[in-house]
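Okay, so here's the structure we're looking at.
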Amino acid sequence: MSLPKGLAEDVSKNLVMVARLIDEDPEGAYAYSKIALRLASRVAAVREAAGFAAYANQKYSEALAEFRAARRMTGSVDLWPVMADCERGLGRPEKALDMAGAPEVHKLDKAGQVEMRLVAAGARRDMDQLDAAIVTLQSPELASNTVQPWTARLRYAYADALLAAGREDEAREWFVKAVESDKDDSTDASDRLAAMDGVEFVDAFVEDEDEDDSDTVVVMDAEIEVDDEVEPQDDVSVVDELDDEDEDDDVEDGIEDDDEVEVEAAAESAEDVVKEDVLLKEEDDDKN
């Protein structure tokens with residue numbers, strides 16, 4: 001749907017703000033998405049961005065409605081995994097599993113298929129089916145030594161499921177693999193691994209009663225005497241086998257001649273920025 005130039009510019013600016021705020025200020029991103037909706041509710045890209053903003057605020061019913069609207073407008077299956085995860089958020093893991101076995105899954109690209117596998121495993125865990133969750137995650141993508149954008153999250157989810165099932169040695173092995181593939185710190189695999197090994201990172205000043213002007217730094221239960229003042233350090237912080245094989249678009253603040261394309265590009269940027277945060281939320285749900 002084409003928009004007048006001025007309107008298209010206003011919509012695009014709001015979608016850009018959704019992308020910028022979705023990680024650190026999801027409520028702010030949600031507010032901007034509502035403005036975009038009021039301006040251009042018949043634009044699929046706007047409905048999609050609004051869906052992600054609602055998802056980030058755990059408004060799963062609203063998010064699902066927006067994703068369904070966007071899908072009706074475009075006919076695309078790209079949103080199928082996050083729609084299934086909304087079903088999980090609404091307490092309907094059985095529905096999520098039904099979606100994981102639907103024909104739409106085979107139309108997804110490789111990244112989408114992996115996301116669907118992660119959602120299906122999470123649904124199994126929601127139903128206390130730990131063994132089934134582990135089997136769901138076992139796949140060629142998990143076994144591959146090639147690092148892809150989804151590798152760290154897939155390995156992490158597998159390690160977490162193993163740990164929940166009491167298979168600690170195997171879990172530790174896969175947390176190590178997750179750390180090795182997690183180049184952008186998209187998971188907290190290193191912290192989980194440290195916790196399994198009984199390592200605690202504690203920074204504190206302890207006055208040394210025997211020496212004046214001497215501090216004791218406690219790190220992992222060891223005491224190290226230092227003569228000079230030591231600054232405290234920060235804490236180191238699907239059901240079926242899936243077929244083979246998203247392309248990011250950068251959003252510019254200016255509006256080009258093709259207004260419709262510009263609006264959609266802004267929304268795609270919002271989707272890319274929020275995707276990692278969404279997946280981390282899935283991992284937190286699984287751990288809980």
Side-chain angles (χ1 to χ4, degrees), residues 52 55 60 63-64 67 71 76-90 92-165 167 170-171 173-175 177-182 184 186-189 192 238-246 271-272 274-288:
F52 278 110
Y55 184 98
Y60 299 117
L64 184 57
F67 290 144
R71 182 168 180 267
S76 172
V77 298
D78 292 348
L79 295 171
W80 197 253
V82 71
M83 289 170 62
D85 204 52
C86 285
E87 295 289 357
R88 285 186 60 210
L90 291 169
R92 302 193 291 249
E94 298 90 350
K95 177 61 177 176
L97 287 176
D98 288 343
M99 295 179 68
E104 285 81 356
V105 174
H106 300 289
K107 300 176 184 178
L108 293 168
D109 60 13
K110 179 61 68 176
Q113 291 176 5
V114 172
E115 304 303 343
M116 191 71 252
R117 190 181 291 276
L118 288 167
V119 172
R124 290 293 187 186
R125 293 191 61 173
D126 293 343
M127 300 167 67
D128 296 321
Q129 299 176 2
L130 280 174
D131 290 339
I134 291 170
V135 171
T136 298
L137 292 168
Q138 293 171 347
S139 61
E141 294 81 17
L142 179 67
S144 176
N145 292 322
T146 303
V147 176
Q148 301 289 350
W150 59 77
T151 302
R153 298 191 306 271
L154 187 57
R155 292 176 176 179
Y156 180 95
Y158 190 58
D160 190 50
L162 288 169
L163 185 61
R167 296 161 61 175
E170 294 172 87
E173 175 187 350
W174 282 96
F175 274 128
K177 292 182 178 181
V179 171
E180 292 172 348
S181 59
D182 194 0
D184 56 358
S186 62
T187 74
D188 64 347
R192 299 290 300 279
V238 138
V239 175
D240 301 315
E241 219 28 64
L242 304 174
D243 298 331
D244 289 350
E245 308 255 325
D246 172 36
E271 176 183 354
D272 293 336
V274 75
K275 187 172 293 183
E276 183 173 350
D277 185 60
V278 166
L279 289 164
L280 287 173
K281 290 177 183 294
E282 293 174 12
E283 294 168 0
D284 290 339
D285 289 343
D286 291 342
K287 288 188 286 183
N288 293 329

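Worth knowing before you read on, the calculation uses all heavy atoms, side chains too, and leaves out hydrogens, waters and symmetry mates.
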Of all the heavy-atom pairs spanning A189 and F175, show the shortest one and how long it is. CB-O, 4.1 Å
Return the set of residues passing ring pair (Phe, Tyr, Trp, His ring centres under 6.0 Å) with W174 (not counting sequence neighbours), or none when no residue passes. Y158
When you measure from the side chain of W80 to the backbone N and O of M99, does any donor-acceptor pair fall under 3.5 Å? yes
Minimum heavy-atom distance between A121 and A133, given as atom pair plus value: O-CB, 3.5 Å
Check: R71 side chain, V77 main-chain N or O, donor-acceptor pair, under 3.5 Å: no
Taking only residues two or more places apart in sequence, or in another chain, which ones meet V147 in a side-chain contact (heavy atoms from CB on, under 4.5 Å)? T151, S181
Has D182 got a side-chain atom pairing as donor or acceptor with T187's backbone, closer than 3.5 angstrom? yes
Could you pull out the closest heavy-atom pair between F67 and M83, with the gap in Å? CB-CG, 3.5 Å
salt_bridge(R88, D85) N-O dist < 4.0 Å: yes
Any idea which heavy atoms bring A120 and L97 closest together, and the distance? O-CD2, 3.6 Å
Which atom pair, heavy atoms only, marks the closest approach of R155 to K177? NH1-O, 3.0 Å
Working to the nearest 0.5 Å, report the span between CZ of R153 and CG of L118. 7.0 Å
With sequence neighbours excluded, what pairs up with A161 under the side-chain contact (heavy atoms from CB on, under 4.5 Å) test? R125, I134, L137
Test side chain to side chain contact (heavy atoms under 4.5 Å, CB included) applied to K110 and Q148, step by step: CA-CA 10 Å; K110 179 61 68 176; Q148 301 289 350; over 6 Å; no
Rounded to the nearest 0.5 Å, how far apart are CZ of R92 and CG of L64? 7.0 Å
How far does CG of L79 sit from CD of E115, to the nearest 0.5 angstrom? 12.0 Å
Would you call D160 and R192 a salt bridge, using N to O less than 4.0 angstrom? yes
Shortest non-hydrogen contact from D126 toward P93: CB-CB, 3.9 Å
Among all residues two or more places apart in sequence or in another chain, which pass the side-chain contact (heavy atoms from CB on, under 4.5 Å) test with S144? T146
Please identify each residue that fulfils side-chain hydrogen bond (donor to acceptor under 3.5 Å, both in side chains) with Q129, with sequence neighbours left out. R124
For E94, the side-chain contact (heavy atoms from CB on, under 4.5 Å) test, sequence neighbours excluded, returns M127
